[in-house]
Q: 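Starting off with a structure, shown below.
These numbers come from a predicted model, not from an experiment. In what follows, chains are A, B, ... by sequence order, proteins preceding strands, each numbered from 1.
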Amino acid sequence: MAKTAITPTRNQDFAEWYQQVIIAADLAENSPVRGCMVIKPYGYAIWENIQRIFDAKIKKLGVENAYFPLLIPLEFLSKEAEHIDGFAKECAVITHHRLKKGPDGKLVPDGELQSPYIIRPTSEAIIGNVISKWINTYRDLPLKLNQWCNVMRWEMRPRMFLRTSEFLWQEGHTVFETESEAREDALKMLNTYYDFMTQELALPAIKGEKTPEERFPGAKNTYTLETMTQDGKALQAGTSHYLGQSFSNAFNIKFLGRDNAQHTAYTTSWGISTRLIGGIIMTHADDDGLVLPPAIAPHQVVIIPLIHDASTANQINAYCADVQQALENLDIRTHIDATENSAPNKIWKWIKKGAPIRLEIGLKEVSESKLTLGRRDKPKPEKTFLTLKQLNEIPIILKQIEDTLRQRSIVTRDCCIQAVNSINHLDELFNRDFKGWAVMNKDLTDTPVFAEIAQKYSLSRRCIPQEGYPQNSVFIAKSY
RNA sequence: CGGGGUGUAGCGUAGCCUGGUAUCGCGCUUGCUUUGGGAGCAAGAGGCCGGAGGUUCGAAUCCUCUCACCCCGACCA
């Protein structure tokens, strides 16, 4: 058995393996504040790539970025009844606006606010309040806004990237004249997420709709992208909501229509978050650490100079610089690891950090004008040799790596989806410690006996798939 | 909020029962030899033993209080 870079392995202890992958790749660390994490430069670079790619996609759809405040007047939240029910339990509340020295010299809150603020758990409320003033006539519609920001939901059990109290996300908010336009938009954003996840991120996402108990508080319909992790659980990787007139009613989003009468607008909202990074880890990483889809890898190619003695250092470094320049001309993000670590350490470091391609360049490569290439989607010892002229094949290889990750994750997912035809069957399946999703007729799950089984195994209805499964199916799984 | 744990160097730990100079590994620093599958040797630096109080000649160790974190449930992108 070869030594793995990460201990424990996925089979030994999946939860611990996940933490170790993050540490080994230097993505993030826990902070002094429970539930909040420090995203380190390498992890943040992944998020920046996610932002850059997705931001371009929504701008093509006519969405504009804006920024709304972190703090929301407490009373705003209470304007939408379901919304408050959903979020009240996890809101951080600002009650004071300064500190003073207490009797024992310690700082204590002072200056109690007459009306407290909450830290946004999502921004429907404040955006609804603000844009109601922006919208007067049908000519002001549609309005398509997005913001990249942080939000806070006080979580009981945080896990880095997958569930943190503070997280980074984008939240899109759109407003339309008609129900059909808003419904169409919610589905369009679902598809936009689907394309992003399945293409650039190579995630095996399944499109579907949430059952009522899993809906966003205040939504009429919640659409979701569920992906399967390597331990067979489900992860909600993105959501798009058709909000109907719930928030328009609550925040008075009205407009003068083409018929010269007042109408209530229809809204949507949709989001993806830093949870995606957790999803990428849980989907693609292996017992040697992170494996990054090339589209979002901070460095798509890492050049590792192998310098044995000072006399050849200059030639090797010059060769590396030339290769880097050539790759950058091909728009490939390329990094030279010029650290003084030993060669094996550098190689292992970039395996653990999930670089899609490693180029090992030593005297041999220089003298023979070739490249020795290690692919992260292949076993460690397996190497590819290219001539210098074949450099322009590297974009193709990056695409192949992305394809491998996508295919591999789809196969893993499909192997772990089990059709069941009765509640008894479901019970039997999870009683045998099944690691995966069950798919069954939804009507069978609208029953008290299903609720009992769901409770017994911590299962929930993940989504009603939009395509690829029989009508009226629903996925049942454990989830993150 | 229930149930179970843990706090000793940057990280991981031994010591605690039975009080007496702070243990080991990794990492770090310096030097030499190494480097294409996780290097070796040598010499170093680094600690209010989570915090407060108490018992004692003497506390990491015993007693009381307190704080923090982790794991399992309920909640969630």
Q: Assign G271(A) to base, sugar-phosphate, or nothing according to its heavy-atom contacts below 4.0 angstrom with the strands shown.
A: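 The answer is nothing, as G271(A) stays clear of every strand by at least 4.0 Å.
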Q: Within this structure, what is the CD-to-P distance between Q19(A) and G12(B), rounded to whole angstrom?
A: 13 Å
Q: Any salt bridge linking K456(A) with D427(A)? Criterion: basic side-chain nitrogen under 4.0 Å from a carboxylate oxygen.
A: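 Looking at D427(A) together with K456(A), the answer is yes, because their closest N to O distance falls below 4.0 Å.
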Q: What distance, rounded to whole Å, do you find between the two C1' atoms, one in G47(B) and one in C28(B)?
A: 16 Å
Q: Categorize I347(A) for me: base, sugar-phosphate, or nothing, with a 4.0 angstrom heavy-atom threshold over every strand shown.
A: nothing
Q: Does N341(A) place a side-chain N or O at less than 4.0 Å from the phosphate oxygens OP1/OP2 of U35(B)?
A: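 False: N341(A) side-chain N/O out of range (4.0 Å or more) of U35(B) OP1/OP2.
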Q: Any heavy-atom pair between the side chains of L203(A) and H284(A) that's under 4.5 Å?
A: yes
Q: Provide the distance between the two P atoms, one in G5(B) and one in A9(B), to the nearest whole Å.
A: 23 Å
Q: Would you call the rings of F247(A) and F251(A) parallel, tilted or perpendicular, where under 30° means parallel and over 60° means perpendicular?
A: parallel
Q: Which atom pairs, donor and acceptor, lie under 3.5 Å between side-chain atoms of residues 350-363 of chain A and protein residues at least two apart or in another chain?
A:
{"unit_1": "W350(A)", "atom_1": "NE1", "unit_2": "D337(A)", "atom_2": "OD2", "d": "2.8"}
{"unit_1": "K353(A)", "atom_1": "NZ", "unit_2": "A25(A)", "atom_2": "O", "d": "3.1"}
{"unit_1": "E360(A)", "atom_1": "OE1", "unit_2": "K383(A)", "atom_2": "NZ", "d": "3.1"}
{"unit_1": "E360(A)", "atom_1": "OE2", "unit_2": "K383(A)", "atom_2": "NZ", "d": "3.4"}

Q: Measure CD/E155(A) against P/C75(B) and give the value in whole Å, please.
A: 12 Å
Q: Nearest to the side chain of K352(A), heavy atoms from C-beta on, is which of G36(B), G38(B), C76(B)?
A: G38(B)
Q: Picking from G38(B), G36(B), C76(B), which would you name as closest to the side chain of R163(A)?
A: C76(B)
Q: Using whole Å, what does the distance between atom C1' of nucleotide C76(B) and atom NE2 of H83(A) come to?
A: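 About 14 Å, once rounded to whole Å.
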Q: From the set A77(B), U35(B), G37(B), return the single nucleotide nearest to any side-chain atom of K380(A).
A: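 From the listed options, G37(B) comes nearest.
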Q: So if I take every side-chain heavy atom of E90(A) and compare against G36(B), C75(B), A77(B), which nucleotide ends up nearest?
A: C75(B)
Q: Is the closest basic N to carboxylate O distance between R462(A) and E226(A) below 4.0 Å?
A: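 Yes, charged N to carboxylate O under 4.0 Å.
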Q: Answer yes if the ring centres of W47(A) and W148(A) are under 6.0 angstrom apart, and no otherwise.
A: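 Close enough - the centres of the two rings lie under 6.0 Å apart.
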Q: If we take the P atom in both U61(B) and G7(B), what is their distance in whole Å?
A: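 13 Å, rounded to whole Å.
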Q: Which part of the nucleic acid does E365(A) contact within heavy-atom distance under 4.0 Å: base, sugar-phosphate only, or nothing?
A: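 Base, at least one base atom sits under 4.0 Å.
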Q: Can you tell me how far C1' in A74(B) sits from the matching atom in U66(B), rounded to whole Å?
A: 28 Å
Q: Please determine, for the side chain of L306(A), which listed nucleotide (A77(B), A39(B), G36(B)) has the closest atom?
A: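 Selected nucleotide: G36(B).
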Q: How close or far is atom C1' of C76(B) from atom CD of Q236(A), stated in whole angstroms?
A: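 Between C1' of C76(B) and CD of Q236(A): 9 Å.
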Q: Taking A42(B) as the reference, what is the distance to G38(B) when you measure between their C1' atoms (whole Å, please)?
A: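 Pairwise C1' distance, G38(B) against A42(B), rounds to 22 Å.
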Q: Yes or no on side chain to side chain donor-acceptor pair (under 3.5 Å) for T387(A) and Q390(A), after CA distance, side-chain angles and deciding distance?
A: CA-CA 5 Å; T387(A) 64; Q390(A) 290 172 299; 3.3 Å; yes
Q: Is the shortest distance from a Lys or Arg side-chain nitrogen in R10(A) or D286(A) to a carboxylate oxygen in the other one below 4.0 Å?
A: no
Q: Round to the nearest Å and state the distance from L459(A) atom CG to C76(B) atom P.
A: 16 Å
Q: For the pair made of CD1 in I316(A) and C1' in G36(B), what is the distance, rounded to whole Å?
A: 11 Å
Q: Applying a 4.0 Å non-hydrogen cut-off, can you work out what A5(A) is touching in the nucleic acid: base, sugar-phosphate, or nothing?
A: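 Here A5(A) touches the bases of the nucleic acid.
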Q: Using a 4.0 Å heavy-atom cut-off, does L162(A) contact any base of the nucleic acid, only the sugar-phosphate backbone, or nothing at all?
A: base
Q: From the list A74(B), G36(B), C75(B), which nucleotide is the closest neighbour of the side chain of K89(A)?
A: C75(B)
Q: Name the nucleic acid region contacted by T372(A), choosing base, sugar-phosphate or nothing; use a 4.0 angstrom heavy-atom cut-off, strictly under.
A: base
Q: Taking the P atom of each, how far is G46(B) from G10(B), in whole Å?
A: 12 Å
Q: Scan side-chain atoms only and decide if S269(A) and H173(A) contain a donor-acceptor pair under the 3.5 Å cut-off.
A: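 The criterion, which ignores hydrogens and geometry beyond distance, is not satisfied for H173(A) and S269(A).
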Q: Looking only at atom P, what distance separates C24(B) and G19(B), rounded to whole Å?
A: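 It comes out at 23 Å once rounded to the nearest Å.
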Q: Where each pair must be Watson-Crick or G-U wobble with both distances under 3.5 Å, what dot-bracket representation of RNA chain B is obtained, with crossing pairs in [ ] and other-strand partners as |?
A: (((((((..(((.......[...))).((((((.....)))))).....(((((..]....))))))))))))....
Q: Mind checking T164(A) for me? I need base, sugar-phosphate or nothing, with any heavy atom below 4.0 Å counting as a touch.
A: base
Q: Can you figure out which of G36(B), C76(B), A39(B) approaches the side chain of N345(A) most closely?
A: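 The answer is A39(B).
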Q: F216(A) near the nucleic acid: base, sugar-phosphate alone, or nothing, with a heavy-atom cut-off under 4.0 Å?
A: nothing
Q: Considering only the P atoms, how many Å lie between U64(B) and C17(B), rounded to the nearest integer?
A: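 It comes out at 15 Å once rounded to the nearest Å.
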